[in-house]
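Proteins come first, then strands; the chains are lettered A, B, ... in the order of their sequence lines, and each starts at number 1. Since the structure is predicted, the reported quantities are computational estimates derived from the model, not experimental observations.
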There are 2 protein chains.
Amino acid sequence: MTDTVVSSETREVVIGFDRPFVIIGERINPTGRKVLAAEMAEGNYSRVEWDAIAQVQAGAHMLDVNAGIPLADEPAILAEAVTLVQRITDVPLSIDSSIVAALEAGLAVYKGKALVNSVTGEEERLETVLPLVKKHGAAVVAISNDESGISEDPDVRFEVARKIVERAEDHGIPRCDVVVDPLVMPVGAINQAGRQVMHILHRLQRELKVNSTCGASNFSFGLPNRNGINSAFINMAIGAGLTSAITNPLHEEMMQAVLGADVMMGHDPDCRAWIRKYRVAPPDGVQGARGRRQGRRRRA
Amino acid sequence: MTDTVVSSETREVVIGFDRPFVIIGERINPTGRKVLAAEMAEGNYSRVEWDAIAQVQAGAHMLDVNAGIPLADEPAILAEAVTLVQRITDVPLSIDSSIVAALEAGLAVYKGKALVNSVTGEEERLETVLPLVKKHGAAVVAISNDESGISEDPDVRFEVARKIVERAEDHGIPRCDVVVDPLVMPVGAINQAGRQVMHILHRLQRELKVNSTCGASNFSFGLPNRNGINSAFINMAIGAGLTSAITNPLHEEMMQAVLGADVMMGHDPDCRAWIRKYRVAPPDGVQGARGRRQGRRRRA
């Protein structure tokens, strides 16, 4: 079925229904991170560097790079961050901005086939972002809202996604290069948010036959034990057809949920990845009482 | 949609597609528990008592009671265990035996509407267990194997389930009182085991419109970090239509996965159950590094 191929200079990653789930590390994003924002605005990228390496080590297959800092020169900062991250890691990047000039600056320096994050169903966005995606031969995240905002009706969101996919095709971008974000609502506010996402994901896979991604952690907004909710969310969303997510690979519970989902979906042959990760010792943060006691003794 | 109602003398539990997931505690079972087996054979039920109370406190909605001890008087022991557990808890029971006389003895003393565990698609089982289920107005677990064993083809297992449901109807047992066990294979041996289960569960919900249950932990047999795999399994299986499971409610990760699945399915209004459980402090065994450090300080 549909494969979305993205790449760095030396490595290809494929998002697809018959593939292991793709984790796009979300950490390189100054939104809500004051220290990171101040450092990036000053041209200090040491934290970006650390975030890049730590996320890849934790198992991220791709990294999202965002430089949305108020009043800063976002195009220049995004281009610099993209260049730096490509110098120290070999994973493909998602170039993330709501400013078209910043996407353009990031794409101009990017080596490989990037994922552009994102285009919405708004006319003006469609007609500025899609030509850019086409020009650079990139793939693009399609967010299922438009001028009327985000509909609470999942079928309306699905129709926005369909419009973006069709418009992309008009611009010469094949649907395998459009990755739809169905928009995840906080379940604390909308009780049917989980059902809605599963419903759209089913339709995206069966009717539009496109890959999907989402900001997984939005689902648990405002609730306690967010990693617990996020794990249930990611498992059930993968079962419903989700093929990638922009999330934090440093959260061990989330990574365990994704590896478990790969096993469940038959995408981890002979459970090799699972066994490699868990056979020696359970990871910190998800181990049982016995493992923890032993761990404490070792540290003492 | 289909509701399976079971009860004790004072409490009703409903298994259904529009209901919170039902956990059937698996612990009262001497299989593989030598000490418990020896004690039960001697008429010592203190461990049964403890298992009953601990599982209900941990969140089990029902309890499975099994007395399968080689060379022991299983009917008498099962009847005694059922009576005892009904005296100290008010949850409905699943009366579990492969011996028809034991099922009969358990049903004879049971107060309420029990779940009989189980009938298979074997002719001789169908014609002895189903009349017993009908006589006592009970519900029954239908295991999807027959004289030819357990098929690796999920569609063959589905056809066995269909045969049992139809035969139950011939005996006057409505399909809402048949809960199908699709048989969970170890994914370490059969890489497509997860896909197979999801496929059968979809068909059970859409075509047969019957509830389902399974022994969830079988999926992870032979693999490290079994609770991690079991959590992914239970989440994705619930997303695919599983409505109950026979499992160990003392495993905190499993309970978290089930509560998370209820949130995801829209079966936890306003996330009340989730918030009640997790708002004060995350439970032992699934908490993050920060909670654990604090916990250690408090204990010191």
Side-chain angles (χ1 to χ4, degrees), chain A residues 187-198 219-220 222-240 251-253 256-271 274-275 277-289 291-292 296, chain B residues 187-198 219-220 222-240 251-253 256-271 274-275 277-289 291-292 296:
Chain A
V187 70
I190 298 174
N191 201 55
Q192 294 302 306
R195 288 258 189 190
Q196 287 181 358
V197 166
M198 290 192 280
F219 187 68
S220 61
L223 292 175
N225 189 7
R226 291 188 66 176
N227 287 336
I229 286 279
N230 291 345
S231 299
F233 171 84
I234 204 78
N235 271 314
M236 295 178 86
I238 292 172
H251 285 161
E252 184 50 53
E253 276 187 82
Q256 174 177 292
V258 167
L259 287 174
D262 281 343
V263 170
M264 185 70 184
M265 296 294 282
H267 295 157
D268 182 5
D270 300 322
C271 305
W274 184 269
I275 291 168
K277 173 123 186 184
Y278 294 109
R279 99 184 117 189
V280 180
D284 211 49
V286 288
Q287 55 198 5
R292 212 162 50 246
R296 213 145 59 215
Chain B
V187 69
I190 299 174
N191 202 54
Q192 294 302 307
R195 289 259 190 190
Q196 287 182 357
V197 165
M198 290 192 279
F219 187 67
S220 62
L223 292 175
N225 189 8
R226 292 189 65 175
N227 287 336
I229 286 278
N230 291 346
S231 298
F233 171 84
I234 204 79
N235 271 312
M236 295 178 86
I238 292 172
H251 284 162
E252 184 52 51
E253 275 187 83
Q256 173 176 293
V258 167
L259 288 174
D262 280 344
V263 169
M264 185 71 185
M265 296 293 283
H267 295 157
D268 182 5
D270 302 321
C271 306
W274 183 269
I275 291 169
K277 172 124 187 185
Y278 294 109
R279 103 186 112 189
V280 182
D284 211 49
V286 288
Q287 54 197 4
R292 211 163 50 246
R296 211 144 62 213

Practice task
For the pair A:Gln256 and B:Glu253, evaluate side-chain contact (heavy atoms from CB on, under 4.5 Å) and give the outcome as yes or no after the intermediate values.
Solution key: CA-CA 12 Å; A:Gln256 174 177 292; B:Glu253 275 187 83; 3.1 Å; yes
Exercise for the section: Against chain B, work out which of A:Gly228, A:Gly188, A:Ser231 has the most heavy-atom pairs shorter than 4.5 Å and name it. Expected result: A:Gly228
Fill in the blank from the handout: The reported gap from NZ in B:Lys277 to CG in A:Asn225 (rounded to nearest 0.5 angstrom) is 10.0 Å
Completion exercise
Comparing A:His267, A:Gln192, A:Met236 against chain B, the one with the most heavy-atom pairs below 4.5 Å turns out to be A:Met236
Completion exercise
Looking only at heavy atoms, the pair that brings A:Pro224 and B:Tyr278 closest together is CB-O, 3.6 Å
Exercise for the section: Sort B:Ile238 into side chain, backbone, both or neither according to what part of it lies under 4.5 angstrom from a heavy atom of chain A. Expected result: both
Problem - For chain A, the option from B:Ala189, B:Pro269, B:Ala237 that forms the most heavy-atom pairs under 4.5 Å - result: B:Pro269
Fill in the blank from the handout: Here the pair of heavy atoms bringing B:Asn191 nearest to A:Gly266 is ND2-O, 3.2 Å
Handout entry: Largest heavy-atom contact set with chain A, pairs under 4.5 Å, which of B:Ile234, B:Val258, B:Val187
Key = B:Val187
Exercise for the section: Could you tell me which portion of A:Ala261 (side chain, backbone, both or neither) has an atom closer than 4.5 angstrom to a non-hydrogen atom of chain B? Expected result: both
Handout entry: Part of A:Asn230 within contact of chain B (heavy atom distance under 4.5 Å)
Key = neither
Problem - Over all atoms of both residues, closest heavy-atom pair of B:Ala232 and A:Gly260 - result: CB-C, 3.5 Å
Practice task
With the side chain counted from C-beta on, respond yes when A:Arg195 and B:Met264 share a heavy-atom pair under 4.5 Å apart, and no when they do not.
Solution key: no
Problem - Closest-packed option against chain B by number of heavy-atom pairs under 4.5 Å, given A:Val197, A:Leu259, A:Ile190, A:Leu223 - result: A:Leu223
Problem - Region of A:Ile229 that comes under 4.5 Å of a non-hydrogen atom in chain B - result: both
Problem - Which atoms of B:Asp270 approach chain A - backbone, side chain, both or neither, heavy atom under 4.5 Å - result: backbone
Exercise for the section: Heavy-atom distances under 4.5 Å only: say whether B:Met265 touches chain A with side chain, backbone, both or neither. Expected result: both
